[in-house]
2 protein chains.
Amino acid sequence: MRPLFHPPIEDVPPNAILHALSDPNRAAIFASIMGAGCVEACSALAAVGDRVIPKSSLSTHFKVLREAGLIRCERHGVEMRNHSRHAEVEARYPGLLSAIVRAYASSGCEGATSAGS
Amino acid sequence: MRPLFHPPIEDVPPNAILHALSDPNRAAIFASIMGAGCVEACSALAAVGDRVIPKSSLSTHFKVLREAGLIRCERHGVEMRNHSRHAEVEARYPGLLSAIVRAYASSGCEGATSAGS
DNA sequence: CCCATAGTTCAGGACTTCGGAACTGAAGAC
DNA sequence: GTCTTCAGTTCCGAAGTCCTGAACTATGGG
């Protein structure tokens with residue numbers, strides 16, 4: 001497939017990460033990828049709680065997360081594997097991701113429920 | 001003046017905080033308030049680096065920060081004192097604010113430079 | 001009382017995001 | 001090899017959000 005652009009983590013400004021995760025849907029997606037051992041298919045995340053997310057929105061969300069350096073996407077056959085780049089982000093911005101995920105988890109919001117394994 | 005609404009910190013969802021701080025201008029304002037000993041007047045922050053922020057935008061930014069539970073505003077005479085509620089937020093979402101501020105600082109972005117005073 | 005200062009509100013335009021429909025690319029059926 | 005199906009992307013219009021200048025309100029001083 002065309003070479004999906006993944007920015008080096010040093011080029012990602014903090015506000016891009018905050019923006020990406022300031023959307024509860026994206027936060028839920030990311031928490032799910034991060035919690036589920038760094039691999040998921042897109043369609044597996046088509047629902048956050050009760051709410052069904054349209055495919056197109058989902059695609060956009062993944063694009064935002066990808067461009068924020070939070071995930072790495074590669075095509076495996078017909079579906080997409082999404083690896084969390086959480087270790088890289090952690091190295092670049094120590095404590096940021098864990099604090100955010102913890103914040104969502106402690107708020108009882110749907111943002112990180114699926115990360116609770 | 002009318003009783004400016006300050007939400008209790010427990011009522012503030014994490015995404016509101018992330019959203020508030022995902023704007024570099026607001027991040028700079030907040031970093032400045034937090035770094036400068038928790039008191040500032042609005043007009044003292046009318047410029048982020050080279051960029052001049054219009055009063056109306058500034059007012060909106062303060063409102064967003066206030067409604068995200070990040071600052072507490074009270075009128076003293078003709079001007080406004082803005083206290084950082086950073087301790088409360090820290091208690092509610094441990095490590096979140098410090099990680100964000102540190103991220104902005106380490107990125108060399110203008111988000112937290114003014115906190116170095 | 002009138003003026004100056006600090007901040008808020010409103011309205012119009014620019015920008016972003018959402019979501020359905022159509023499209024592309026890969027795997028399996030025939 | 002070709003057709004069908006599945007997974008995801010792109011396109012475009014609708015809806016919402018954000019920015020900002022202009023007008024307004026509130027406070028303090030002369």
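Minimum heavy-atom separation, B:Ser98 to B:Glu90: OG-OE2, 3.9 Å.
A:Phe62 places its CZ atom 17 Å from the C1' atom of C:dT17, with the value rounded to the nearest Å. Distance CD (A:Glu74) to P (C:dA26): 15 Å, rounded to an integer number of Å. The separation between A:Lys55 atom NZ and C:dG25 atom P is 15 Å, rounded to whole Å. Distance, B:Phe5 CZ to C:dT8 P: 16 Å, rounded to whole Å. Rounded to an integer number of Å, the gap from CE of A:Met80 to P of C:dA27 is 13 Å. Across the protein-nucleic acid pair, B:Ile71 atom CD1 and C:dG7 atom P stand 12 Å apart, rounded to whole Å.
Defined by atom type and a distance below 3.5 Å, a donor-acceptor pair is present between the side-chain atoms of A:Arg26 and A:His61. For A:Glu88 and A:His86, the side-chain atoms include no donor-acceptor pair closer than 3.5 Å.
By the side chain to side chain contact (heavy atoms under 4.5 Å, CB included) test, B:Glu67 is found to be paired with B:Lys63, residues two or more places apart in sequence or in another chain being considered. Residues forming a side-chain hydrogen bond (donor to acceptor under 3.5 Å, both in side chains) with A:Glu79 (at least two apart in sequence, or on another chain): none.
Heavy-atom nearest nucleotides on DNA chain D were determined for A:Arg66 and for B:Val78, and the one closer to the 5' end corresponds to A:Arg66. The 5' end of DNA chain C is approached more closely, in terms of each residue's nearest nucleotide, by B:Lys63 than by the other of A:Val64 and B:Lys63.
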Polar atom pairs (N or O), protein with nucleotides 18-20 of chain D, under 3.5 Å:
| residue | atom | partner | partner atom | Å |
| --- | --- | --- | --- | --- |
| D:dC18 | OP1 | B:His19 | NE2 | 2.9 |
| D:dC19 | OP1 | B:Asp23 | OD2 | 3.3 |
| D:dT20 | OP1 | B:Arg51 | NH2 | 3.4 |
| D:dT20 | OP2 | B:Ser57 | OG | 3.2 |

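Listed candidates were D:dT9, C:dG7, D:dA7. Nearest to the side chain of A:Ser59 is D:dT9.
Here the side chain of B:Arg102 pairs a donor or acceptor atom with the backbone of A:Pro94 at under 3.5 angstrom.
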